[in-house]
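Below is one structure, written out as structure tokens; comments come after it.
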Amino acid sequence: MPSIKASVLLPVYNATDYLTDALASLAAQTFKDFEVIAVDDGSTDGSSDLLMEAARKWPRLHVIRQGNKGMANALNHGLSQCRGEFVARMDADDIAHPKRLEKQISAFSANPQIGMLGASIRTIGAGARQKWQYPTGYGEIRARIFFSSPFAHPVVMFSREAIAFRQPLYRETIIV
């Protein structure tokens, strides 16, 4: 099995309104040594058909179909299928900057001690556009983790080696 530098883990549930743009943004990446693991979590809106059609045209896209079991299950199932040295998270309603993977892989190469990294995000769509800044230094991340997530899921990338001992990685949160 050939070595892949990065896997993009993409959970999908009823995302036909956004999925084409999300996949197009991945296809436009300047970094090319990656695969996309899309887990269709029992979509009922045509997302599954859209994924299957895209996979026929784009061999880099691998589709896993399952009944609706929730995002945590979809992520863990998808993670078990990722072959990349690094795993990038992205949601089906997100658009990746064309240099996202290139910049993140470059950051890991320059700093091999890093296990996980993120980036700032910019909201898009009908609402007000906003840029969300996230902490960049170890001390800032450590301080923030007690109050809120120091990482935005759509831009997280982590080394598989760094999380290998933490299976399952994703858990359902139940709010009472």
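The figures that follow rest on heavy atoms only: side chains count, while hydrogens, waters and symmetry mates do not.
A distance of 10.5 Å separates CG of Leu79 from CZ of Arg89, quoted to the nearest 0.5 Å. Atom-to-atom distance recorded for Leu101:CG and Lys103:NZ is 12.0 Å, nearest 0.5 angstrom. Here CG of Asp21 is found 11.0 Å from CG of Asp93. Values are rounded to the nearest 0.5 Å. To the nearest 0.5 Å, atoms CH2 (Trp58) and CG (Leu26) are separated by 5.0 Å. With rounding to the nearest 0.5 Å, the separation of OG in Ser109 from NZ in Lys5 is 5.0 Å. Atoms CG and CE, on Asp41 and Met71 in that order, are 8.5 Å from each other to the nearest 0.5 Å.
Results of the side chain to side chain contact (heavy atoms under 4.5 Å, CB included) test with Met157 over Val87, Ile105, Val8 single out Ile105 as the only residue that passes.
The shortest non-hydrogen separation linking Leu9 to Leu75 is CD2-O, 3.6 Å. Of all non-hydrogen atoms in Ser48 and Ser43, the two that sit nearest each other are N-CB, 4.4 Å. A pairwise comparison of heavy atoms in Leu10 and Ala92 identifies CD1-N, 3.7 Å as the closest pair. In plain terms, the two heavy atoms of Ala22 and Met90 that are nearest each other are O-CE, 3.6 Å. Pairing each heavy atom of Ala107 with each of Ile114, the nearest pair is O-CD1, 4.3 Å. The shortest non-hydrogen separation linking Ala55 to Val63 is CB-CG2, 3.9 Å.
Pairs of residues two or more places apart, or lying in two chains, that qualify as side chain to side chain donor-acceptor pair (under 3.5 Å) and include a residue from residues 22-35 are Ser7-Glu35, Thr30-Glu102, Glu35-Arg83. The ring pair (Phe, Tyr, Trp, His ring centres under 6.0 Å) pairs that include a residue from residues 65-93 are Phe86-Phe108, where partners are two or more places apart or lie in different chains.
Within 6.0 Å of OH in Tyr13 there are more than 12 heavy atoms belonging to other residues, nucleotides or ligands.
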ask   = Can Arg65 and Met52 be said to form a side chain to side chain contact (heavy atoms under 4.5 Å, CB included), step by step?
value = CA-CA 10 Å; Arg65 295 166 78 182; Met52 297 308 286; 3.9 Å; yes

task = Please report the C-alpha distance between Ser159 and Met116 in whole Å, then the side-chain angles of each, then the deciding distance to 0.1 Å, and finally whether the side chain to side chain contact (heavy atoms under 4.5 Å, CB included) criterion is met.
result = CA-CA 6 Å; Ser159 160; Met116 184 167 135; over 6 Å; no

Test side chain to side chain contact (heavy atoms under 4.5 Å, CB included) applied to His62 and Val36, step by step = CA-CA 6 Å; His62 308 282; Val36 178; over 6 Å; no

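Annotation: side chain to side chain contact (heavy atoms under 4.5 Å, CB included) contacts of Thr16 (sequence neighbours excluded): Asp45, Ser47.
Although no hydrogens or angles enter the test, the distance criterion places a donor-acceptor pair under 3.5 Å between the side chain of Asn14 and the main chain of Thr44. The closest donor-acceptor contact from the side chain of Gln104 to the backbone of Val155 lies under 3.5 Å.
Gln66 and Asp40 share no donor-acceptor pair across their side chains, judged by distance under 3.5 Å alone.
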